[in-house]
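Taking it in order: structure first as structure tokens, then the write-up.
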Amino acid sequence: MTSSSPAEAVGVDVGGTKIAAVRLTADGAVLARARCATPRRTVDELVDAVAGLVARVRGELVTVVGVGLPGMVDAGTGALAFAPGLEFARAPLRELIADSVGLPVVTDNDANAAAWAEYRIGAGHGHDHLVLVTLGTGLGCGVVVADRLLHGSHGFAAEASHLTVEPGGPLCECGNRGCWGVAASGAAIARLGRQATAARPDGPLARLVGRGAPDAGEAVTEAARSGDAQALEILDRIGTLTGVGLAALANLFDPAVVIVGGGPVSAGELLLAPARASFTRRLYAPGDRPPVPVLTARFANDAGAIGAALLAIDRSP
């Protein structure tokens with residue numbers, strides 16, 4: 001960030017089901033928030049939805065907009081090259097949104113944006129090398145190397161969701177089995193919870209779902225907190241596989257810290273303890289290197305939008 005950087009920016013996080021927007025100051029204070037459902041049919045509907053949110057939170061000091069997109073974002077053009085569930089292949093979203101809002105627009109992958117938020121003002125502040133993994137419906141990853149986001153040659157780097165952590169495991173939409181995003185994400189907790197409910201319809205998980213627990217994943221966490229053996233086993237399994245993936249990333253990138261975010265982290269040590277244990281077992285030469293802490297992300301639902309705004313501010317000339 002330079003002395004001429006914008007005082008405020010709007011950050012937008014485009015998710016598979018919702019779009020969130022924030023107005024942010026240069027030092028990270030959130031001044032306004034708005035959200036709406038994600039249109040999934042046409043590019044024009046998506047651009048209109050983003051522009052509508054920008055208008056709702058925009059202030060007089062806003063001169064730039066950052067947008068985090070759920071998929072492969074071309075680093076050169078800002079176009080959305082591919083996004084699972086959104087049929088907008090090669091959509092020039094950076095240009096379309098800029099034309100619609102009348103402001104310069106920065107686009108990046110949503111997990112990259114979240115990683116930038118943690119690097120700049122979150123759990124990774126003060127570290128010039130870090131890895132962020134977010135566990136949710138899928139799995140996102142962003143890597144900061146020497147104070148810069150890792151983009152790769154095209155902008156498609158850090159797709160850790162497709163690292164194999166369980167050979168022969170569940171089938172991923174990419175056609176392979178055992179990808180991290182399907183084997184050990186929030187969706188995986190829900191899937192295993194439903195399987196456990198079907199296997200034991202009179203067990204604690206089934207009773208929680210019957211009482212109206214929001215979803216099977218939350219039911220697993222609630223049951224585990226009450227000491228249910230099935231639920232504890234699920235979180236232990238997901239945590240262990242998460243540690244496998246985190247260690248692979250740490251061995252590749254040598255970060256100062258590894259940060260884990262997303263809804264499942266609300267389970268706390270029930271998930272993170274097995275993740276840390278598995279991480280340490282698989283980290284290369286753990287006794288001959290400085291410790292690599294596995295930290296909980298500071299930001300939850302606002303991470304992508306906050307990071308997108310900060311990226312917009314930091315990339316402004």
Side-chain angles (χ1 to χ4, degrees), residues 15-17 70-72 82-85 109-111 114-115 131-143 156-200 205 215-221 223-224 228-253 255 258-284 294 296-297:
T17 59
M72 297 165 63
F82 173 76
N109 171 268
D110 53 357
V131 168
L132 168 77
V133 171
T134 59
L135 307 175
T137 303
L139 183 141
C141 178
V143 179
F156 307 155
E159 284 292 341
S161 180
H162 298 286
L163 284 176
T164 300
V165 298
E166 188 181 24
L171 182 67
C172 179
E173 64 184 5
C174 74
N176 294 315
R177 289 190 173 274
C179 291
W180 192 355
V182 69
S185 60
I189 296 174
R191 184 188 73 248
L192 294 172
R194 289 191 295 271
Q195 292 174 358
T197 297
R200 288 182 54 192
L205 285 178
D215 60 44
E218 292 186 21
V220 168
T221 297
D228 176 66
Q230 270 189 311
L232 288 168
E233 183 178 349
I234 290 171
L235 292 183
D236 183 82
R237 174 178 175 178
I238 297 299
T240 297
L241 292 175
T242 295
V244 171
L246 295 178
L249 295 174
N251 288 333
L252 281 171
F253 300 116
V258 173
I259 303 169
V260 184
V265 175
S266 65
E269 291 304 304
L270 296 175
L271 178 78
L272 293 175
R276 290 188 178 108
S278 175
F279 172 78
T280 300
R281 285 196 302 271
R282 291 181 175 267
L283 185 65
Y284 179 62
V294 177
T296 301

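All residue numbers in this chain count up from 1 along the given sequence.
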Inset, instruction - Would you check if the side chain of S266 reaches a backbone N or O of G263 as a donor-acceptor pair within less than 3.5 Å? - result: yes
Inset, instruction - Measure the CD-CD1 distance between E233 and I238 for me, rounded to the nearest 0.5 Å. - result: 11.0 Å
Legend entry - side-chain hydrogen bond (donor to acceptor under 3.5 Å, both in side chains) against R276, all qualifying residues, sequence neighbours excluded: E269
Inset, instruction - Specify the closest pair of heavy atoms between L163 and G245, including all atoms of both residues, with the distance to one decimal. - result: CD1-O, 4.5 Å
Inset, instruction - Could you tell me whether the side chain of L249 reaches within less than 4.5 Å of the side chain of V143, counting heavy atoms only? - result: no
Inset, instruction - State which residue, out of L132, V131, V265, fulfils the side chain to side chain contact (heavy atoms under 4.5 Å, CB included) condition with I259. - result: L132
Legend entry - salt bridge (Lys or Arg N to Asp or Glu O under 4.0 Å) involving E159 - partner list, sequence neighbours excluded: none
Inset, instruction - For residues 237-246, pull every pair meeting side chain to side chain donor-acceptor pair (under 3.5 Å), keeping only residues two or more places apart or in separate chains. - result: E166-R237
Inset, instruction - Quick one: pull up CG in L171 and SG in C179 and give me the separation to the nearest 0.5 Å. - result: 8.5 Å
Legend entry - Under 3.5 Å donor-acceptor, N251 side chain and Y284 backbone: yes
Legend entry - Partner residues of A157 under the side chain to side chain contact (heavy atoms under 4.5 Å, CB included) criterion, sequence neighbours left out: L150
Inset, instruction - Report the distance from atom CG of L271 to atom OG1 of T221, rounding to the nearest 0.5 Å. - result: 8.0 Å
Legend entry - Under the side chain to side chain contact (heavy atoms under 4.5 Å, CB included) test, residues paired with F156 that sit two or more places apart: M72, A81, H154
Inset, instruction - Please test I189 against L235 for side-chain contact (heavy atoms from CB on, under 4.5 Å), starting from the C-alpha separation and ending with a verdict. - result: CA-CA 7 Å; I189 296 174; L235 292 183; 4.0 Å; yes
Legend entry - Distance-minimising heavy-atom pair for L241 and A184: CB-CB, 3.7 Å
Inset, instruction - Not counting sequence neighbours, which residues clear side chain to side chain contact (heavy atoms under 4.5 Å, CB included) with A247? List them please. - result: F279, R282
Legend entry - Closest approach of A223 to A231 (non-hydrogen atoms, all atoms of both residues): CB-CB, 3.7 Å
Legend entry - Any side-chain heavy-atom pair of L139 and V133 under 4.5 Å: yes
Legend entry - From CG (L135) to OG (S161), nearest 0.5 Å: 10.0 Å
Inset, instruction - Decide side-chain contact (heavy atoms from CB on, under 4.5 Å) for L246 and V260; before the verdict, give the C-alpha distance in whole Å, the side-chain angles of both, and the deciding distance to 0.1 Å. - result: CA-CA 9 Å; L246 295 178; V260 184; 3.9 Å; yes
Inset, instruction - Kindly give the heavy-atom pair with the smallest separation between S278 and G243, and that separation in Å. - result: OG-C, 3.7 Å
Inset, instruction - Check side chain to side chain contact (heavy atoms under 4.5 Å, CB included) between L232 and all other residues, then give those that pass, not counting sequence neighbours. - result: A224, L270
Inset, instruction - Search all heavy atoms of G186 against all heavy atoms of P264 and return the closest pair with its distance. - result: CA-CG, 3.6 Å
Inset, instruction - Could you grab the distance from atom SG of C172 to atom CH2 of W180, nearest 0.5 Å is fine? - result: 13.5 Å
Legend entry - Contact summary for A183 and A188, nearest pair of heavy atoms: O-CB, 3.4 Å
Legend entry - Derivation and outcome, side-chain contact (heavy atoms from CB on, under 4.5 Å), residues N176 and T164: CA-CA 9 Å; N176 294 315; T164 300; 5.7 Å; no
Legend entry - Contacts of R177 that satisfy side-chain hydrogen bond (donor to acceptor under 3.5 Å, both in side chains) - sequence neighbours left out: none
Legend entry - Pairs meeting criterion side chain to side chain donor-acceptor pair (under 3.5 Å) with involvement of residues 183-193, two or more places apart: none
